[in-house]
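In what follows, every chain begins at residue 1, and chains take the letters A, B, ... in the order their sequences are listed.
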Amino acid sequence: MSQQKIIIAVAWPYANGDLHLGHPAGYLLPADVMNKFQRLRGRDVIMVSGSDMHGTPVAVKAWKDGVAPQDYALMQHKRHMAVMQQLGLEYSLYTHTATEIHAQVVQQVFTTLDKAGYIIKQKTEQFWSEKEHKFLLDRYIEGTCPFCGFEKARGDQCDNCGHALTPDELVNPYSIFGDEELVKRVSTNYFLDLAKLQPLLEKHYADNADFKIWRKHVQATTQAWLAEGLMPRAITRDMEGYGVALPVGYEIEREEGKVTYVWFEAVTGYLSASVALSMLGKHKAIASASSLEISPLAIDEAALIPAVEALARGEDNISDTYAGQSLDWQSYWLAGQAKSYYFMGKDNIPFHSVIWTAMLLGLSQALGVSFNTPDILAANQYLNLKGAKFSKSTGNIIDTKKFFEEYGSDASRFFLISRMPENKDYDFTMQEFMDANNSELLANLGNFVNRSLVFWNKQFALAQSEKKFSELTIDSEVISHVDKAFADTAQLLEECKFAKALSVVTELGSFANKYFNDSQIWTVVKTDRAGAQVQMAGMLYLAANIARLLAPFLPEFSANVSGYLGMKIERPEVGRDDWKSLQLPELELDSLGEIAELKPLIARLEMIEEGNEENQAESGSDDQTS
RNA sequence: CGCGGGGUAGAGCAGUGGUAGCUCGUCAGGCUCAUAACCUGAAGGCCGUUGGUUCGAAUCCAACCCCCGCAACCA
């Protein structure tokens, strides 16, 4: 069968604040589990993402803090990278949107779509600030809400009554930059002609078999957008040059400080990061970027040599060494050669299922190739706290970094994956987190492995002249349960049902505990050592394979158990495509002796006092301005 | 207002036409190898409301109610 490559595209976190627990729950962990799973089964997979450096929220935040937006975004990007590494995410490349490579790919996409007639010009009237010498974004205008009378309504939205607004509707509009008379000027911007692309999209979704297995809310959101009819959408804005500049050939707009609208360039990051990864790989491989061959997009490779070299230094990016076999980004982006998995929060669905997909279809049409559109679009709902969205201003937040530091990878990942908000919002409580750790992870999986290994140490490790493990026949019941667990996890993970896939492993843990109980090995061993040894083999077989099944979910737990058993869980050669072959084929534990320094695998968590819980629920002081 | 998602045992969730399931919690019993962990059993739900389709509905249709999101420093 064909060895399809896999690209895992992870949503780009905004560089306007720290990551909170909603980020791993929403898209970072599902992407990571999928990535680890596909790598372990031997697929040729890349995972790309980066920080979204541009956009109004970043600019506003930086302006409030009195910092240049570029500096602020880069600082925030580095904080993001630290958290990514702490979570153990294995990106092929985690970069950001302020790179040369990104800019050039975005510009190339822009030019290509424009030449193909998918971009149109439209005039819009916007407020102009004489004092600031720039167009004021809707958000920079405040005034009185015409609906509720709220005096500090923003130009895009009234925070009091929730009405969507335009600056024109405001009574007594004023600039947030200070006193001055507001005047209007006409600005011409470019629009992506989504109306023209709609037929392509409709045909695309009519033909797409994968679409039917998307989660219900993802399908529904996509169809709702299409049913309402798509309108041209602005892809440039007047932002004083903060953002990705328009391509060469659009000199007037460049001089005006127009940049591509953040949503247009951010989604293109998946493509630009793949190109960057490709160039990076070739750069490392042949130490010369001059012979790179990048097509079908016409990238100016020579101009990017410094950028590739910067990338190779790895100061502003994370790049692991597992980039699959091929260094050609095209092989991950051309239809038929690769399958794509996208991970994001629910707010991002239309940008991917409608707009990004439309852009790719337009590019395909324009270039006469077939770009790989999102095959699997796994958007999660929200992880809430105290019934509300995470919010920094109210202290309603749990900082990801602190949480993982406090409770460790296993407990954190187990909770976030087993309670993942795949189909509806989930409300985080400390009690539920404790229960998940103590009553499920510890009591079931942790306890089974622990009791098995402890028993081994006590009863068998030092015994001599007994049969070797490889000569024993493990109960067929044990084998069949493990077989089924491998088959079920593979299928569920392929369908992005992460919580359920993890529950397959805990079910195997329940079976294992029952097997231990029913065997009465602690009695049998006194009268029938040969029989007990067969039972022991079954238990170690279960423990070893639980460790292997957990490798994508709980890498630490998995590695610890493997370490005790003297096994290594190694990635197979790329191209094997066989999850089940990770299953321990036979028990090669003939040389297993006493396990030294055996410790319980999962720590019991105790409910902390009220005061401390308060600490957990706060983001900590804002030390981001330094 | 509009669009979308959700409303199933105390809690968190599965379940898209055919005798209501899972995990946790609770209660009772068993075991004692194991981190007061494990195993067995039980109690606990008129599947948001009302009406309709059907031999039969948690599941399909209609109306309504409640929660969440789409607009906020936010996935």
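With a cut-off of 3.5 Å on both pairing distances, the Watson-Crick or G-U wobble partner of B:rG21 is B:rC13. For B:rG2, the paired base is B:rC70 (Watson-Crick or G-U wobble, both distances below 3.5 Å). B:rA62 is paired with B:rU50 under the Watson-Crick or G-U wobble criterion, all donor-acceptor distances under 3.5 Å.
In this structure, A:W12 and A:Y270 have perpendicular ring planes: the angle between them is above 60°, well past the 30° mark. Aromatic ring pairs are classed by plane angle as parallel below 30°, tilted from 30° to 60° and perpendicular above 60°; the pair A:F460 and A:W456 is parallel.
In this structure, A:G26 reaches neither bases nor backbone, as no heavy-atom distance under 4.0 Å exists between it and the strands shown. Note on A:A224: only backbone sugar-phosphate atoms sit closer than 4.0 angstrom, heavy atoms only; bases stay farther off.
Atom CG in A:N380 sits roughly 16 Å away from atom P in B:rG69 (whole-Å rounding). Separating the CD1 atom of A:I521 from the P atom of B:rC33 is a distance of 12 Å, rounded to the nearest angstrom. One can place CD of A:Q76 at 11 Å from C1' of B:rC73, the figure rounded to the nearest angstrom. Rounded to whole Å, the distance from CE on A:M434 to P on B:rC24 is 18 Å. In this structure, the CH2 atom of A:W225 is 16 Å from the P atom of B:rG5, given to the nearest Å. Between the P atom of B:rC3 and the NZ atom of A:K346 lies a distance of 17 Å, rounded to the nearest Å. The distance from atom OH of A:Y72 to atom P of B:rC73 is 11 Å, rounded to the nearest whole Å. Going from atom OH of A:Y515 over to atom P of B:rC33 covers 18 Å, rounded to whole Å.
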*Using a cut-off of 4.0 Å between protein heavy atoms and nucleotide atoms, how would you tag nucleotides 34-40 of chain B 5' to 3' with B, S and -?*
BB-SBBS

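Against RNA chain B, the stretch residues 409-425 of chain A makes heavy-atom approaches under 4.0 Å through A:N423, A:K424, A:D425.
With C1' as the reference atom, B:rG10 and B:rG45 are 11 Å apart, rounded to whole Å.
Across the interface with RNA chain B, nearest-nucleotide mapping of A:H217 and A:Y27 shows A:H217 to be the residue nearer the 5′ end. Residue-to-nucleotide proximity on RNA chain B shows that, of A:F351 and A:D435, the 5′-proximal contact is made by A:D435.
No salt bridge links A:K497 with A:D488; every basic N to acidic carboxylate O contact stays at or beyond 4.0 Å. A:K401 and A:D18 are not joined by a salt bridge, as no carboxylate oxygen comes within less than 4.0 angstrom of a charged side-chain nitrogen.
Seen from the ring of A:F516, A:R451 counts as a face-on cation partner, given the 6.0 Å and 45° thresholds. Cation-pi contact between A:R419 and A:F433: absent, since separation from the ring centre below 6.0 Å together with deviation from the ring axis within 45° is not met. A cation-pi contact, defined as under 6.0 Å to the ring centre and within 45° of the axis, links A:K346 to A:Y382.
Dashed line: the shortest gap from a side-chain N or O of A:K216 to OP1 or OP2 of B:rG4 is not under 4.0 Å.
Between the side chain of A:N437 and the backbone N or O of A:L442 there is no donor-acceptor pair closer than 3.5 Å.
A:Y407 has its ring centre no less than 6.0 Å from the ring centre of A:F415.
Residues A:L453 and A:N457 are not in side-chain contact: their nearest non-hydrogen atoms beyond the backbone lie 4.5 Å or more apart.
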